[in-house]
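Quantities reported herein were computed from a predicted structural model and do not represent experimental measurements. Letters A, B, ... mirror the listed sequences (proteins, then strands); counts begin at 1.
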Amino acid sequence: MTAQKPGLLLIDDGTNYAGAIFRHMPEFELLLFNPETGAAGATDGPAALKVLAERRDDVDVVLLDMHFDIPDERLFPLEEGASARRTRRFQGVAILREIRARYPHLPVVLLTAHEDLSLVDAAGHLTSQSMTYILDGDDLDTLRVRIHTAMEDAAQQSEETRILWGDSPAMKHLRRRLSVLARGAMPVILEGETGTGKSWLAEKFVHARSGRTGPFVVLDLSTVPPDLISAHLFGSEKGAYTGATETRRGVFELAHGGTLFIDEIQNAPIEVQKQLLLVLQDRRVRPLGASREIVVDVKVIAASNSPLDEAVRNGTFRPDLYMRLSPATRLRIPPLRERIDDLEFLARRFADKALVGPDAGPLKDEVVEALGLPAETSVRLTVGRGARGPQGASLEIFIPRPAWHMLLEHPWPGNIRELEMLMHNLITFTLVDALEAVRKNAAIASNRLQVDPGLIGNLLAGASALGQRGREDETDADRIAVDLRPGQTLNDVSRDVEKQVFLTLYRRCNRDFAAMAQILLGDGDKARAVRLRFNQLGLRVRELDHR
Amino acid sequence: MEDAVDILLDLKHDLGKYLLLPLRMLPADASDEAFREALRRALFETRKQGTTVRSGADIWEEFRRELVPFSSTGWYLRLSRDVAAALALADRIPDPALHRPEATEILGRVAGTTAAILAEWRRKP
């Protein structure tokens, strides 16, 4: 949290609310409030949309009046046939509709009562939307509670945002630049290693803030055979090539009015790059085999896991396309090792996420119960020193300093995705170990579960092994062959690979989980952890043995 | 009657809501001085838009003209009585015997009565 006050944008034709909020709610910053005239941030719908387009980052909550006594030409239409009087009376509904089309996750408090809103046909639809709140009472306390509720809900929804951004200067700089580049139709180039969150940024940040009402469409060029990339990008007519059994709409056409995210653009064959260049210049696409051209209005976000200027120098990427994509809009997402100061923050966030997830969540409840702690006990990750002072009913999952240093020194080739997976496994296995210890009546502190440094070592070694081509002491018996099958997402692919490894080991170890644990974790006592992961992968012993 | 519904809905907003707003927006522990200043704003700066300021009396006068066709009806008489009581508070702003709960109750009657009249109409077949 920053020390900055939360920003309120008040959309109201009058000054009564603005004055009251300015006088009595100093904990908020009333954006664009003019103390001399008492005017609110925006006095009609068009002005509100302009402010949001320019200062979306400053707005934490919108307060929207319902009744606007303003000239006809400043009114947004309400519904067909609505009188001017009715359109004025429910202008807030019309403005909310426009805001929602552009900013679906922006919290909006409607300064009206349910009773009044029930007179509008669209009210049910509008108020059932998440992040829309009805004031229902004009007193200061109600307004304050509504604003806080709206901000807390928004914070909850943006948990993923916080996880990704962290607090490092590099990420803050990136965020500022992306906020600007999100607007308008200029293409954006996102460069970053695998796992840094390029696709997430493209969708949840750039597209979400672009103000574009069309869809967000993704094409990952690493998953498309090179000879089919053109058809995927631009579409194709039936019979345009062998196997084109039906007319196919390309992603440019599908993304019309919205955003097209082209992932791994460095994989585009040179001849496709030429076509891409023409589309970006002319804003028209011609599907393969078609005589017609389609006009497209698309914001393009191109992502690459290696610097595109290097590809230009190597001759694998056309310089004219690179220039058309505009190097000025090229942004690099730093790898995790370059923002290692964020590690603790990120680790805690991912631990919190794991603790409410389907794997570790139930285990956490079991551990709390087994330790005789109250059901409402909060469980959290602590690092280095552990908790500072009494924190109520809480249980720490504690990473001692030497183990933490192992994490700090790890190169994190899989970046944030790797950290998330590691924290998920670390929390899960620590809880499994704690349960086993309780069942064996081993001595265990009732408020602290210490993470086994060996576990971190094993988890990191597993990750590092994936990055190595093979070890010198490796024998054929140590190797497991897997079929690499394309999936919908990289997570699907990794999961499929892991599943194949577990299945092969299960057979190789004659269904002995302790033997598998010895191979995977270097500790035959960790059979339960392996069994748990086995189940998480959807592998079922009974079915396998039956086969 | 459709006209009257429209007029009363606007009256509930322009007069009822804004007569009460300054007092409702006052913190619970506001000083007596702040209360009287809020009451003054409620009655004399009832609706502020840009540089235009209309008092409660101005707004009621505009509605009263629109409501002339209904001036002999029971609901109009109830409403005009409550509005008159609210506007009469202007003379009592300096009166030390006038406290916030009483003023809030009197100002709140305008919106309350308007809402009650509209509800009665809605219930009628």
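Heavy-atom distances place no part of A:Asn34 under 4.5 Å from chain B, backbone and side chain included. For A:Arg23, the part lying near chain B is the side chain, with the backbone staying farther off; criterion is any non-hydrogen pair under 4.5 Å. If you measure heavy-atom distances from B:Leu26 to chain A, the contacts under 4.5 Å come from both the backbone and the side chain.
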With salt bridge (Lys or Arg N to Asp or Glu O under 4.0 Å) as the criterion, how do A:Asp13 and B:Arg47 come out once you've worked through the C-alpha distance, each side chain's angles and the decisive distance to 0.1 Å?
CA-CA 10 Å; A:Asp13 59 323; B:Arg47 196 84 171 98; 3.2 Å; yes
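Here the straight-line distance linking atom NZ of B:Lys17 with atom CG of A:Asp65 works out to 4.5 Å at 0.5 Å rounding. Between atom CG of residue B:Leu21 and atom CG of residue A:Leu140 there is a gap of 10.0 Å, rounded to the nearest 0.5 Å.
Ring planes of B:His13 and A:His67: parallel class, angle under 30° (limits at 30 and 60°).
Contact record, A:His24 with B:Met25: CD2-O, 3.1 Å, taken as the closest heavy-atom pair. Nearest heavy-atom pair, A:Arg85 versus B:Ile7, reported as atom, atom and distance to 0.1 Å: NH2-CA, 3.8 Å.
Side-chain contact between A:Arg89 and B:Asp6: present, with at least one pair of heavy atoms (C-beta onward) separated by less than 4.5 Å.
For residues 27-46 of chain B, heavy-atom neighbours of chain A at less than 4.5 Å comprise B:Pro27, B:Arg41, B:Glu45, B:Thr46, sorted by residue number.
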